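Computed from a predicted structure; not experimentally measured. A, B, ... follow the sequence lines: proteins, then strands. Residue 1 opens every chain.
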Number of protein chains: 2
Amino acid sequence: MRKPHLATANLAKIIEAVLKLSSRQGFHETSLRDLAKVSGLSMGGLYSYFDNKNTLLVMILTEVSETVEAVLRDVPDGIAETPVEHLRWLIETHIRLTEAMQPWFVFAYMEAKGFPAPARVLATESELRTERIFSDVLQRGVAQGVFAVEDVNLTAALIKPLLQDWYVKRAKYRKRGTPIQTYIDGVIGFVERAIAKK
Amino acid sequence: MRKPHLATANLAKIIEAVLKLSSRQGFHETSLRDLAKVSGLSMGGLYSYFDNKNTLLVMILTEVSETVEAVLRDVPDGIAETPVEHLRWLIETHIRLTEAMQPWFVFAYMEAKGFPAPARVLATESELRTERIFSDVLQRGVAQGVFAVEDVNLTAALIKPLLQDWYVKRAKYRKRGTPIQTYIDGVIGFVERAIAKK
DNA sequence: ATAAAAAACGAGCGCTCGCTCGATTTTCGC
DNA sequence: GCGAAAATCGAGCGAGCGCTCGTTTTTTAT
């Protein structure tokens with residue numbers, strides 16, 4: 001094992017290959033022989049970059065959850081004070097991030113379960129932290145009297161799957177020709193009407 | 001192969017076992033030896049009830065999609081005329097159905113992908129038909145002037161993941177102690193405010 | 001009670017899996 | 001240009017897979 005973090009070009013190739021193959025057939029069904037072929041390394045060569053197959057899964061899961069955390073917490077100046085704008089920014093940023101890193105997110109979402117406890121815990125906690133970011137904004141909006149939300153936690157929980165649907169069912173939206181901006185505006189409008197103080 | 005449809009007690013046991021094992025570790029990782037052990041049959045005995053492992057998957061997928069279709073189309077008298085009531089009934093019925101058949105739905109949702117094209121097509125088409133049921137009601141509500149919806153198809157697409165979240169993330173809601181009625185009311189309220197004519 | 005039919009069994013087949021390790025190739029300081 | 005160190009290779013290992021099939025057990029009819 002050379003590096004704990006993804007640095008070398010080869011590791012990048014390996015991850016690109018595992019995301020590509022897993023999206024077609026699932027992670028478990030992706031053999032290291034296929035992975036070697038697509039990444040351009042040999043069977044043995046792969047093992048210079050990770051300890052075992054599960055490590056690969058954990059690496060990707062970690063990268064995804066850290067990226068989400070980092071991006072969503074990096075709120076532009078002057079946005080965080082206004083809950084309406086902050087929420088809009090969170091929705092748009094989340095959807096655009098998952099679009100840019102779609103294979104990563106599909107992988108993390110679809111492959112997390114049925115795996116060693118540590119990996120599953122990682123995914124679960126990441127989901128909860130993201131939800132917290134949303135419920136915090138909702139809470140502030142309620143406190144400022146701009147949102148009317150009965151159950152802040154449940155509402156945050158309901159917003160989450162709206163964001164995830166874009167990458168989970170990406171094929172459906174692609175077939176329909178829905179542009180990402182239409183989807184983003186649709187979600188923002190849907191959510192804002194649902195929580196607006198009338 | 002004895003019967004094409006699930007009739008005998010043994011086939012019921014097999015399906016119960018495969019749902020149980022798959023929910024823990026995924027369908028592919030469930031070996032026929034494990035399945036034999038849990039279902040109480042022998043390796044060879046299993047093959048009296050299905051042709052091969054993939055057939056099992058298709059059987060379950062078919063059962064789920066046919067059940068959804070049948071249940072959601074069986075609208076009680078006097079409901080279908082009022083879009084608001086019809087939509088409410090659809091949401092509640094869908095969530096309660098997936099709760100009652102939770103292992104079946106989780107299986108269909110999580111295992112459909114990465115499988116032979118026919119099985120995937122089955123799942124995709126079922127999803128689309130369900131969505132049609134919702135978009136039809138929305139359309140009628142708009143026509144009657146009780147709903148204000150810009151894009152009926154997009155809105156139906158956004159309602160779907162709200163229904164699915166209850167079984168996809170069942171563990172989260174269980175840990176939180178959210179009762180199913182709270183969830184149902186939450187979704188109905190959320191959706192109704194989002195599409196209400198103001 | 002018995003024999004034919006039906007159902008259930010499980011060791012064994014061919015195959016692919018994740019992973020290893022000695023051999024080979026590439027890199028690089030001098 | 002050379003030799004040691006680093007990187008890469010891929011045949012081979014044991015394990016476990018889906019599936020088969022000759023055998024045994026159970027059921028059924030007389």
Side-chain angles (χ1 to χ4, degrees), chain A residues 1-61 107 111-112 114-119, chain B residues 1-61 107 111-112 114-119:
Chain A
M1 180 96 161
R2 237 151 287 190
K3 285 272 186 165
H5 205 256
L6 45 109
T8 57
N10 276 343
L11 188 47
K13 273 185 193 162
I14 292 172
I15 289 184
E16 184 190 5
V18 77
L19 291 176
K20 178 179 178 180
L21 291 169
S22 297
S23 75
R24 286 204 225 291
Q25 49 193 141
F27 180 70
H28 289 296
E29 291 63 49
T30 298
S31 73
L32 292 180
R33 282 163 185 82
D34 286 346
L35 188 55
K37 212 173 295 172
V38 173
S39 67
L41 276 84
S42 65
M43 283 291 292
L46 293 179
Y47 279 83
S48 303
Y49 296 96
F50 52 78
D51 292 339
N52 54 62
K53 211 186 164 194
N54 282 343
T55 309
L56 251 181
L57 181 106
V58 174
M59 278 167 130
I60 297 178
L61 247 50
F107 184 91
E111 309 293 352
F115 250 101
Chain B
M1 182 91 163
R2 236 151 291 190
K3 286 268 185 170
H5 207 254
L6 46 109
T8 57
N10 276 342
L11 186 47
K13 273 186 192 161
I14 292 172
I15 289 185
E16 184 190 3
V18 76
L19 290 176
K20 178 179 177 180
L21 290 169
S22 297
S23 77
R24 286 204 226 291
Q25 49 193 148
F27 180 71
H28 287 295
E29 291 62 49
T30 297
S31 73
L32 292 180
R33 283 162 185 82
D34 286 346
L35 187 55
K37 213 173 291 171
V38 173
S39 68
L41 277 83
S42 66
M43 282 292 291
L46 293 179
Y47 279 83
S48 304
Y49 297 96
F50 52 79
D51 293 339
N52 56 63
K53 211 187 164 194
N54 281 344
T55 308
L56 251 181
L57 181 107
V58 174
M59 280 166 129
I60 298 178
L61 245 50
F107 183 91
E111 309 292 351
F115 249 102

- Item | Any side-chain heavy-atom pair of A:Ile60 and A:Glu111 under 4.5 Å |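 When only atoms from C-beta onward are counted, A:Glu111 and A:Ile60 do not touch, as no gap falls below 4.5 Å.
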I'd like to check A:Leu56 versus A:Leu35 (side-chain heavy atoms, cut-off strictly below 4.5 Å). Are they in contact? yes
- request: Count the heavy atoms of every other residue, nucleotide or ligand shown that sit under 6.0 Å from NZ of A:Lys53, and state whether that count exceeds 12.
  value: yes
Quick check: are there more than 12 heavy atoms from other residues, nucleotides or ligands sitting under 6.0 Å from NZ of B:Lys20?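 No - once you tally the heavy atoms of other residues, nucleotides and ligands closer than 6.0 Å, there are 12 at most.
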Interatomic distance where [atom1] belongs to [X] and [atom2] belongs to [N] [whole Å]:
| X | N | atom1 | atom2 | result |
| --- | --- | --- | --- | --- |
| B:Tyr47 | D:dT23 | OH | C1' | 19 Å |
| B:Phe27 | D:dG18 | CZ | P | 9 Å |
| B:Phe50 | D:dT20 | CZ | C1' | 13 Å |
| A:Asp34 | C:dC15 | CG | P | 18 Å |
| A:Leu32 | D:dG10 | CG | C1' | 13 Å |
| A:Leu46 | C:dC19 | CG | C1' | 11 Å |
| B:Asn52 | D:dG18 | CG | C1' | 9 Å |
| A:Leu11 | D:dT8 | CG | P | 12 Å |

Does a side-chain N or O from [X] land closer than 4.0 Å to OP1 or OP2 of [N], or not?
| X | N | answer |
| --- | --- | --- |
| B:Asn10 | C:dA8 | yes |
| B:Tyr49 | C:dA7 | no |
| A:Ser31 | C:dC17 | yes |

Minimum-distance pair of heavy atoms, taken over all atoms of A:Gly26 and A:Thr30: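 That closest heavy-atom pairing would be O-OG1, 2.8 Å.
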- Task: State, to 0.1 Å, how close A:Tyr47 and A:Asn52 come at their nearest heavy-atom pair, and which atoms those are.
- Result: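 Minimum heavy-atom separation between A:Tyr47 and A:Asn52: CE2-CA, 4.1 Å.
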Taken in chain and number order and not counting sequence neighbours, the residues that satisfy side chain to side chain contact (heavy atoms under 4.5 Å, CB included) with B:Ser42 are none
Quick test: give all pairs of protein nitrogen or oxygen and nucleotides 9-13 of chain C nitrogen or oxygen below 3.5 Å, distance rounded to 0.1 Å.
residue, atom, partner, partner atom, Å
C:dC9, OP2, B:Ser42, N, 2.7
C:dC9, OP2, B:Ser42, OG, 3.2
C:dC9, O5', B:Ser42, OG, 3.4
C:dG10, N7, B:Gly44, N, 3.2
C:dG10, O6, B:Gly44, N, 3.2
C:dG12, O6, B:Arg33, NH2, 3.1

